[in-house]
Student: 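Questions regarding the structure given below will be posed in turn.
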Amino acid sequence: MTIRPVPPDPNHNYTNSALRTGDVDPYPQRQVGEFIGTVVANKWVNKEYKHVILKVHPHALKAYAGQMFHLLCPSPDGAEVWMRRPMSVYRVDKDAGHIEFLYKCEGRGTRGMAMLEPGDDFNVTGPLGHGFVLEPSWRNVVVLGRGVGLATLAPLSQLAAENKIGVTAILSARHPDVVMSRDLFEGLGAKTMTVLDSDGTSAVDNVEKILEGLIAHGKADAFFTCGSNRLLKLMQRLGKKHNIPGQVAMEQIMVCGFGACYVCMRTFEVDGQRLLRRVCRDGPVFNLQEAVGW
Amino acid sequence: MTIRPVPPDPNHNYTNSALRTGDVDPYPQRQVGEFIGTVVANKWVNKEYKHVILKVHPHALKAYAGQMFHLLCPSPDGAEVWMRRPMSVYRVDKDAGHIEFLYKCEGRGTRGMAMLEPGDDFNVTGPLGHGFVLEPSWRNVVVLGRGVGLATLAPLSQLAAENKIGVTAILSARHPDVVMSRDLFEGLGAKTMTVLDSDGTSAVDNVEKILEGLIAHGKADAFFTCGSNRLLKLMQRLGKKHNIPGQVAMEQIMVCGFGACYVCMRTFEVDGQRLLRRVCRDGPVFNLQEAVGW
Amino acid sequence: MVDLSVKIGAITLQNPVQPASGAFSWEYNDVIDLNRLGALVAKTICREPRLGNPTPRMAETEAGIIQSIGLPGKGIDYFIEHIVPEYAKFKPPLVVSCSSESIEDFAALAEELSVPDVDVIEANISCPTRNATGGNFAMHENYTRDCITAMRARTKKPLWVKLSPNAGDIVSIAKAAEDAGADALVIANTFLSLKIRTDNFRPALGNKFGGLVSPALKPIVLRMVYQVAKQVKIPIIGIGGVTKAEDVVEYMLAGASAVGIGYAGFRNPTALITIIDDLEAWCDERGIKKVTELIGAVKDQDMETDTLAAASVGI
Amino acid sequence: MVDLSVKIGAITLQNPVQPASGAFSWEYNDVIDLNRLGALVAKTICREPRLGNPTPRMAETEAGIIQSIGLPGKGIDYFIEHIVPEYAKFKPPLVVSCSSESIEDFAALAEELSVPDVDVIEANISCPTRNATGGNFAMHENYTRDCITAMRARTKKPLWVKLSPNAGDIVSIAKAAEDAGADALVIANTFLSLKIRTDNFRPALGNKFGGLVSPALKPIVLRMVYQVAKQVKIPIIGIGGVTKAEDVVEYMLAGASAVGIGYAGFRNPTALITIIDDLEAWCDERGIKKVTELIGAVKDQDMETDTLAAASVGI
Ligand SMILES: Cc1cc2nc3c(=O)[nH]c(=O)nc-3n(C[C@H](O)[C@H](O)[C@H](O)COP(=O)(O)OP(=O)(O)OC[C@H]3O[C@@H](n4cnc5c(N)ncnc54)[C@H](O)[C@@H]3O)c2cc1C
Ligand SMILES: Cc1cc2nc3c(=O)[nH]c(=O)nc-3n(C[C@H](O)[C@H](O)[C@H](O)COP(=O)(O)OP(=O)(O)OC[C@H]3O[C@@H](n4cnc5c(N)ncnc54)[C@H](O)[C@@H]3O)c2cc1C
Ligand SMILES: Cc1cc2nc3c(=O)[nH]c(=O)nc-3n(C[C@H](O)[C@H](O)[C@H](O)COP(=O)(O)O)c2cc1C
Ligand SMILES: Cc1cc2nc3c(=O)[nH]c(=O)nc-3n(C[C@H](O)[C@H](O)[C@H](O)COP(=O)(O)O)c2cc1C
Ligand code: FES
Ligand code: FES
């Protein structure tokens with residue numbers, strides 16, 4: 001065999017350069033794409049959370065509330081970040097061609113993400129999974145979230161507004177500085193209330209009272225929650241008591257995001273039987289009553 | 001055992017953050033330090049080479065011509081660069097507290113280095129090895145270098161100027177655009193001449209003629225070379241013929257830089273016997289006649 | 001244009017790039033065109049439905065991930081009835097991986113999986129996280145021989161055997177598999193590993209041990225492929241740390257006829273397609289007419305062995 | 001302030017951090033204060049002067065380096081006369097690693113190295129690049145037992161045995177070394193590896209095979225330390241991928257009494273000092289009084305084994 005010599009390609013030698021491909025697909029017929037988005041903004045919302053806006057390929061704009069993307073975060077330190085990070089889509093702006101994420105800066109991936117600057121590439125795969133579903137018969141729904149969970153629940157307000165469904169959003173947080181998404185909910189016509197650890201209003205008893213009040217006033221055709229095991233249990237109890245359907249968005253460590261690897265399992269209870277489901281593909285949104293919590 | 005809980009330190013989890021320490025030592029009594037320099041400038045000299053200036057700890061300023069530093073290059077692509085890169089010190093500016101390197105941008109390490117911007121940290125270990133030695137009896141020496149080798153030879157002009165020794169520098173290059181260090185040599189009073197592949201003047205025959213001329217005019221009390229096997233062989237031949245002592249700076253892939261690992265071996269011939277020496281510690285500068293070349 | 005097709009025994013792959021078992025399912029058709037792949041490789045299936053291991057099932061480490069899934073699945077009957085038809089919608093050959101605790105059951109699985117839409121049976125005798133001890137048949141020459149002999153007797157389908165990188169002498173085990181009638185060797189499964197969290201002193205995975213997956217491991221597995229290729233005649237599929245077209249080339253030079261890919265497809269779901277395209281371009285640029293020319297083409301016959309030779313820097 | 005000292009048999013180390021053989025020499029005193037180290041560990045010495053392997057001796061790979069040095073050195077006589085005195089200028093105990101092709105010579109080396117300034121003899125029965133085939137005694141239980149028995153008979157010095165991660169069943173080999181009289185086990189040497197250059201189709205190293213060195217390997221070696229620690233009574237020195245104080249903790253939790261460091265000291269010559277300082281701070285912050293409390297303290301007794309338990313994300 002004779003091999004024609006070829007000068008080395010300096011951009012194609014190593015792991016990351018090769019792995020940072022993407023955007024190769026977007027066939028219209030594919031449900032999911034690996035897209036190279038462009039960062040439009042990436043700002044601090046408070047001391048712990050940032051909000052990133054990406055200009056993306058139009059196919060990525062199919063995402064709806066509760067669906068997620070799998071993000072290939074840049075390295076914060078020059079060593080590789082090995083796995084993608086799952087994030088719920090926080091907002092889809094079809095006119096601008098943007099998708100947005102609200103994220104807590106914690107580990108290496110999210111700290112790397114925090115370093116993104118406008119104009120940077122950001123490789124995102126999605127939209128993935130099944131999101132929230134709104135029944136046409138519902139008039140008013142209650143959204144109850146805490147921490148990162150609020151990022152997942154926020155686009156429900158968008159979906160509800162499109163479907164002319166009223167939303168009451170109860171936002172739970174440690175203290176007033178880390179309440180998030182209120183503007184987004186209110187901007188889309190939702191009524192919001194904030195409950196805090198710092199003044200004791202976030203205690204389960206108090207939230208229960210609020211929920212019972214909403215139920216009594218016909219504001220709770222369905223329940224939605226994410227981000228707190230305590231609040232999940234509460235909504236399950238009240239949902240059962242008043243026969244209110246509900247949905248919960250779950251989290252689990254992921255590898256593939258497509259349903260292939262069985263890493264992202266969570267326990268559910270269906271007809272008294274415990275079973276495992278994949279958060280990435282069978283969820284991330286599940287029947288409130290079936291989730292076993294964590 | 002009871003363990004007091006400690007919040008995780010987000011900057012201390014992974015490989016690189018931990019490895020990017022340094023500056024812990026500089027005891028005055030140590031010969032070598034691991035220093036965190038600060039980039040002052042990092043500019044292109046031509047299409048292939050950059051010139052970086054670092055503000056460093058005063059102990060790093062001990063470096064002299066032919067000695068090297070071992071550089072922990074940042075990653076060009078988010079995956080780790082595993083080993084340090086050895087580089088000869090190009091210039092030491094004691095007044096400003098600077099050391100400088102002239103380097104060819106090629107592989108991952110040097111491409112990462114090319115991304116450094118003023119104000120960035122740069123972890124350098126050194127000075128390492130034995131550099132060039134000038135005998136007080138010498139009046140005029142000849143420096144013959146090519147490519148990256150010119151970076152190694154350049155500070156000889158500084159050393160020679162301090163010792164009031166005249167320098168003739170023959171700079172060999174592929175074409176006029178990649179001739180380097182002429183300003184540095186000339187600025188310190190050296191006479192320079194350029195020989196090029198593009199006009200054929202770099203051919204061994206022609207360089208030989210030039211050298212013979214310098215020898216005839218008493219300008220060659222010693223020979224210095226780096227960067228070309230062909231030119232090494234030529235200087236060896238003429239050195240032997242005219243009994244002119246000489247020094248050559250050698251290159252080899254390195255791991256430790258301290259003489260411990262025996263990775264950086266080169267072959268030498270002493271009294272008819274072949275043996276191996278460590279470039280990092282026994283060199284990088286060696287007796288011209290003993291080097292076997294490559 | 002280079003001819004990318006390779007033969008693994010009686011099976012022809014349109015190109016040498018296939019997913020690794022457990023790192024793939026037909027659901028990836030959401031994001032890439034599965035008809036572009038060299039083969040489709042299903043997740044290892046066991047006879048009975050299995051839940052798999054406790055969570056967490058994955059943890060990041062300094063330079064890779066450890067994972068411990070525990071071969072969950074709905075069992076062979078469900079698999080043949082519902083999952084094989086999902087794969088049958090696509091053109092590339094279907095490789096079905098299977099595992100068991102006993103040799104008899106391995107053999108029975110081989111027979112039961114010999115249905116028309118299954119093209120290849122892959123014996124996963126090397127899963128390090130199937131149970132909590134990390135042991136498996138591929139650690140032992142005799143178990144390997146007996147298991148493959150028993151499977152061979154019960155199926156006419158091409159039979160591939162996935163070996164373990166945790167074995168001390170992979171060459172002997174590879175030869176045992178060949179002697180017992182394997183049609184190809186898949187080298188290798190994952191490295192048995194452990195991570196302990198320094199915040200709470202507990203193992204990071206629910207199953208304690210996990211398999212290490214990282215591009216860092218490529219040099220080890222490549223060495224195994226090289227050693228085995230010198231000693232067996234059947235084709236080898238190299239698996240471990242392939243993230244780019246050059247890695248496919250490197251495995252083929254070492255003696256592999258094809259490669260399997262796990263991690264890279266997790267990190268970049270479109271990676272396998274990119275790698276196939278890049279491999280084609282790589283060969284075309286160099287005037288290589290058939291990718292099979294690369295198999296075993298490492299230039300190792302005239303290695304310079306004189307330590308005192310004056311070698312160039314050599315990179 | 002935490003007490004960092006640990007005992008390896010009769011030897012007390014002021015802290016559990018030592019360099020790995022071959023990755024260190026007294027010349028590092030140029031950059032760090034060697035008197036801070038837990039021990040000094042000399043490069044493996046052989047009886048005769050050796051040149052070592054052809055260059056290049058190191059190549060970078062995707063996630064680590066491969067190296068093949070080939071145990072160069074000036075032989076045991078020069079070593080005892082000229083190099084031992086260099087180390088004797090410093091306070092920490094001196095560990096001298098040695099290697100040979102034969103059991104008889106290993107035993108003779110043990111005797112000859114039993115000079116006053118040598119504190120420990122480390123039997124390097126696991127160098128993967130000593131010759132071109134990568135074989136060594138530590139791949140086999142019997143060779144290991146015979147070699148260590150023979151060495152034990154000829155020296156009263158503490159005898160440490162460096163094992164190979166390439167062995168399939170490291171626990172049996174560890175037990176053989178313990179039975180034969182080893183005072184401690186060093187786990188482990190490097191992984192036998194290969195890199196083939198895709199530009200010229202040649203092996204990247206002059207010796208073809210090399211040992212892979214990368215932080216990525218820590219989970220594999222940690223698993224080995226954990227498995228061995230459950231089965232032997234003698235102390236273990238864990239070596240492989242330690243780059244920070246938490247890694248020392250992780251190895252100690254798995255059952256190691258100390259660690260050896262290679263790569264991190266190459267990358268950051270001051271790393272060992274930083275790691276010792278950080279380890280001290282880490283213990284102090286958590287109120288740990290003696291670093292020895294960490295040895296084997298992994299919480300693995302009450303592992304959640306119910307797959308269906310509703311576990312938290314767990315990180
Ligand atoms: C469906 C879904 C939607 C999510 N939406 C959001 C969101 O909108 N905003 C937000 O801030 N966070 C969200 N999360 C959580 C987010 O994925 C984690 O905070 C993030 O992965 C942590 O990464 P890290 O680099 O900061 O942490 P590291 O500690 O470096 O993470 C280590 C590994 O654990 C995984 N991991 C850690 N925490 C979680 C978690 N809670 N869930 C899943 N995997 C985890 C990481 O992905 C990574 O693989 C969501 C999680 C899921 C599953
Ligand atoms: C004593 C000495 C002084 C040097 N001075 C200079 C200088 O002033 N300016 C300059 O541009 N270059 C100099 N070099 C060469 C420089 O070390 C290499 O160009 C550089 O290491 C290549 O790194 P890379 O990331 O571009 O290449 P890669 O291909 O990524 O390198 C891969 C590995 O090979 C090693 N390597 C590659 N080429 C060489 C080489 N020629 N010598 C030693 N190791 C090599 C690298 O260090 C690295 O470990 C010197 C080398 C030595 C030994
Ligand atoms: C999440 C996950 C699940 C896996 N499941 C299986 C499996 O079911 N059967 C199998 O033979 N190998 C399994 N493997 C191993 C892969 O097939 C492959 O051997 C390994 O990932 C190494 O290849 P890579 O470096 O390309 O990832 C699995 C690997 C991962 C990461
Ligand atoms: C350049 C180099 C040379 C080595 N030489 C030896 C040696 O002579 N004897 C030995 O027992 N181990 C030798 N090793 C192996 C190391 O002692 C150690 O086991 C290995 O590097 C893993 O540790 P690390 O991950 O901290 O680097 C060498 C390693 C390297 C990188
Ligand atoms: S992340 Fe792979 S199945 Fe959900
Ligand atoms: S680089 Fe280690 S001895 Fe020279």
Student: If only atom types and distance count, is the side chain of B:Y262 paired as donor or acceptor with the main-chain N or O of D:G73 below 3.5 Å?
Tutor: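 Checked: no pair found.
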
Student: For residues B:I253 and D:T55, determine if any side-chain heavy atom of one lies less than 4.5 Å from a side-chain heavy atom of the other.
Tutor: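 The answer is no; the side chains never approach within 4.5 Å.
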
Student: Please, which pairs that meet ring pair (Phe, Tyr, Trp, His ring centres under 6.0 Å) have at least one residue in residues 36-76 of chain D, sequence neighbours excluded?
Tutor: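 Pairs touching residues 36-76 of chain D that pass the test: none.
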
Student: Using a cut-off of under 4.5 Å for heavy-atom pairs, which of D:G262, D:P72, D:G64 has the most such pairs with chain B?
Tutor: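 Greatest number of close heavy-atom pairs with chain B: D:G64.
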
Student: Tell me the closest heavy-atom pair linking D:S25 and B:A260, and the distance in Å.
Tutor: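 Closest approach of D:S25 to B:A260, heavy atoms only: OG-CB, 3.5 Å.
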
Student: For D:I273 and B:E34, run side-chain contact (heavy atoms from CB on, under 4.5 Å): C-alpha distance rounded to whole Å, both residues' side-chain angles, the deciding distance at 0.1 Å, then the answer.
Tutor: CA-CA 12 Å; D:I273 306 299; B:E34 180 183 343; over 6 Å; no

Student: What pairs with B:F268 under ring pair (Phe, Tyr, Trp, His ring centres under 6.0 Å), at least two apart in sequence or on another chain?
Tutor: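 If we apply the ring pair (Phe, Tyr, Trp, His ring centres under 6.0 Å) test to B:F268, skipping adjacent residues, the hits are B:F286.
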
Student: Nearest 0.5 Å please: distance from the CE atom of B:M265 over to the CD1 atom of D:I69.
Tutor: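 Atom-to-atom, B:M265:CE and D:I69:CD1 are 9.5 Å apart.
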
Student: Take atom NZ of D:K74 as the centre, draw a 6.0 Å sphere, and report whether it contains more than 12 heavy atoms from other residues, nucleotides or ligands.
Tutor: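 Check fails, neighbour count at 12 or below.
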
Student: Tell me, for D:D247 versus chain B, whether the close heavy atoms (under 4.5 Å) come from the side chain, the backbone, both or neither.
Tutor: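 No part of D:D247 comes within 4.5 Å of chain B.
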
Student: A quick test of your reading: do over 12 heavy atoms of other residues, nucleotides or ligands sit less than 6.0 Å from NZ of D:K289?
Tutor: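 Not buried by this count: 12 neighbours or fewer within 6.0 Å.
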
Student: So, the side chain of B:W82 versus the backbone of D:R267: is there a donor-acceptor pair under 3.5 Å, distance only?
Tutor: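 The answer is no, because no donor-acceptor pair under 3.5 Å joins these two groups.
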
Student: Answer whether the closest heavy-atom distance between the side chains of B:M83 and D:Q67 falls below 4.5 Å.
Tutor: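 No, side chains not in contact.
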
Student: How far apart are the closest heavy atoms of D:N268 and B:N123, and which atoms are they?
Tutor: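 Scanning both residues completely, I find the closest heavy atoms to be ND2-ND2, 3.6 Å.
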
Student: Within a strict 4.5 Å, meaning less than it, do heavy atoms of the D:P269 and B:R84 side chains meet?
Tutor: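 D:P269 reaches B:R84 side chain to side chain.
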
